[in-house]
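Per chain, numbering begins at 1; letters A, B, ... match sequence-line order. Values below: every heavy atom of this structure, side chains too, minus hydrogens, waters and symmetry copies.
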Amino acid sequence: MEILKTSALDIGYHNSNKNTYLVAGNINVSIKNGEVICLLGANGKGKSTLLRTLAGTQQPIAGSIKINGNDIDKISKRELANILSLVYTDRTQAGGLTVKELVELGRHPHTGFLGRLNENDHKIVEKAMADTGIAHKANNFIAELSDGERQKAMIARALAQETPIIFLDEPTAFLDIASKIDTMRLLHDLAQNNNKAILLSSHDVSQAILMADRLWIIDKSGTLISGYTEDLIINGSLSTIFDSEKIIFDCKNGIFKTNDNYKIHTNLICKDSILRHWTENALRRSAIEPNNDSNNDTSIVVNSHNDILLTISGDKTFTLNSIEELILKLKNYYQ
Amino acid sequence: MSKHRNRIIFILLIVVLLILVASNMIFGAVDIPASAIFDILCGNEVERPTWSVIILESRIPMIITAALSGCALSVAGLLLQTVFNNPLAGPSILGVSTGASLGVAIIMLSLGTSLGSTFGISTGGFISILAGAFIGAFAVLAILLIFSSFLKSTTMLLIVGILVSYITSSAISLLNFFSTQEGVHSYVIWGLGSFSGVAANQIPLFAFTVAIALLWALAMTKPLNALLLGARYASNLGVNVKSVRNKLLIITGLLTAIVTAYCGPIGFIGLVVPHIARLLLNTSNHNTLLPATILCGAVVALLCTLISILPDNGILPINAITPIIGVPIILYIILNRRKIHYFN
């Protein structure tokens, strides 16, 4: 079910001279329940602006945003707090609150004048902490948490708010790799099991494409491309993120890499796919193209990681004991 | 566990408060036996009628004024610290008290001797002084609010507050220079800070205004907690940040202005007491922090008053005592900020 929909949305700023500065234009996208959407784009291309605009904290330049069919301008702050929750990377002054107290703040839109929590509220808070895996720190102060745990506590707070939509701005920015994977897994599970609509912005493309159902890509010209993750990878849309000829998206490995001008061409023969992958990696880094073309008179036969046969110019043959030796040999020869 | 601990701390605070009230009743320039004080409080006749006058007309009004001023300034400090997301904010350090002083100076020095004769200020005069204090305090708060919208660094905001307070002080000096000698004299006396300047017949008005502002602050507990997460999160929780912030600043202005008008610009209490309360309860949660701040405020102000009346030959100015209590605590907090949770 579509819960949020934009039509002909232009986002950007009005500066003091009433000039408008357009960041991205003509955005027509929608968010569905049970889906994780990852918003990708280079720095300064408007990821945060788009999140702020969709969350109703920044006015769009033109176009409309509808949540459950209602215009976002017509929805009161109070109602919006029941529909949409946000997780920022801002450092807060909440170090003197316990994790539990912080998560309880998520119940704010649901409690009365005094903010007192009833039994049901307490249950929701406990569940939010359990779902995010932070329950064991419930009575610890926020100041005592690691960055990853803080992020989990903030996500638990958003969960306790019980909104169908959750926006997260760079939720994995300051996390180590284990916490990154943990957080992305968590968001994915929330969408699948709790039918939440989750939109997050990220720099980390390889993590994003593993966990996101859908990608929104703000390309170098400020156009938003939306599509199913794998479709966008295959049709080459990811290469439009960066405005540089030197950076291209490697569809096979799901990473960005430099677009090299290979000076040396070789014929790499290797049956083991892992061995082949890492030999290719080393060759490319050294500006050597490892293609499978038997016309090349330089050939590399990798039998195992310590048994490599290198034939240069069709006649000189070397037996090498490691990938390091192989690269050294090639470099020395072609210098 | 922490609920149990909190209860003990609240009970202890109340006990200390009662001891301080009793001590302030007993100690003073004139020795009055405790049994006589008890009789006076029960409405019985005592052997010397002057004792009764001293207790009812001087010591009790002073105790009430000190306790309420302590509560008011401490709550003003706490609200400022939360609103500006800065644990080192306070009505005196941000220049709010100085703003109130300027308002008072303008009223006192321009209307001069008609109000100025010490202790003889009429209710009408007081209302105009109160209005002056409120306008002054609020003007400074408005300046801070404008600066806070584009100064992201809280340290910079503190510096703006200190600068505003310098400008205000220089305006006060200029006013003093051009004013009459009686006006300057009463203004200087007022500026030293004293809890004994509120006459018994003015206590009801003073207590009523402070109580209203304190109740209003207590009613803001829920949005205050949301503001701990910063404006963006608070807004996402459905809090109308602008309106809440304005209300909190009005309460702060009101509390600071009332106390400043009646007792002079009292430093340090507003800055220090919220920290004492936070360290005692080990929380930033306003549900318990706000009541604890109110209690601690009364305790600290009464402690300062007790010290001020200890010399036999007169009363020390309150502003000579508050820094002696306040500065070591602030230094302790600054030196230990990495270990103190609410700083991180």
request  = With a 4.5 angstrom heavy-atom cut-off, could you sort out which part of A:Phe141 is near chain B: side chain, backbone, both or neither?
outcome  = side chain

ask   = Can you check side-chain contact (heavy atoms from CB on, under 4.5 Å) on B:Leu229 and A:Leu102, steps first, answer last?
value = CA-CA 9 Å; B:Leu229 297 178; A:Leu102 177 89; 3.2 Å; yes

ask   = Under 6.0 Å from the CD1 atom of B:Ile167, do we count more than 12 heavy atoms belonging to anything else shown?
value = no

ask   = Which atoms form the tightest heavy-atom contact between A:His108 and B:Ala226, and what is the distance?
value = NE2-CB, 3.7 Å

request  = Would you mind checking which part of A:Leu97 comes under 4.5 Å of any heavy atom in chain B, side chain (CB onward), backbone (N, CA, C, O), both or neither?
outcome  = both

task = Please determine, among B:Pro87, B:Pro223, B:Ser284, the option with the most heavy-atom pairs under 4.5 Å with chain A.
result = B:Ser284

key: Within-4.5 Å side-chain heavy-atom neighbours: A:Leu114 and B:Thr221   = no

inquiry  = So for A:Arg157, is it side chain, backbone, both, or neither that comes closer than 4.5 Å to the heavy atoms of chain B?
reply    = side chain

key: Heavy-atom contact with chain A under 4.5 Å, split by part of B:Thr283   = both

message = Can you tell me which portion of A:Thr111 sits under 4.5 Å from chain B's heavy atoms? Options are side chain, backbone, both or neither.
response = both

For chain B, the option from A:Thr163, A:Asn82, A:Thr57, A:Val87 that forms the most heavy-atom pairs under 4.5 Å = A:Val87

ask   = Which one of A:Ala158, A:Ser76, A:Pro109 has the most heavy-atom pairs closer than 4.5 Å to chain B?
value = A:Pro109

inquiry  = Using heavy-atom distances under 4.5 Å, tell me whether A:Arg52 contacts chain B through its side chain, its backbone, both, or neither.
reply    = side chain

request  = Can you check whether anything in residues 230-241 of chain B gets within less than 4.5 Å of chain A, heavy-atom wise, and list it by number?
outcome  = B:Arg232, B:Tyr233, B:Ser235, B:Asn236, B:Leu237, B:Gly238, B:Val239

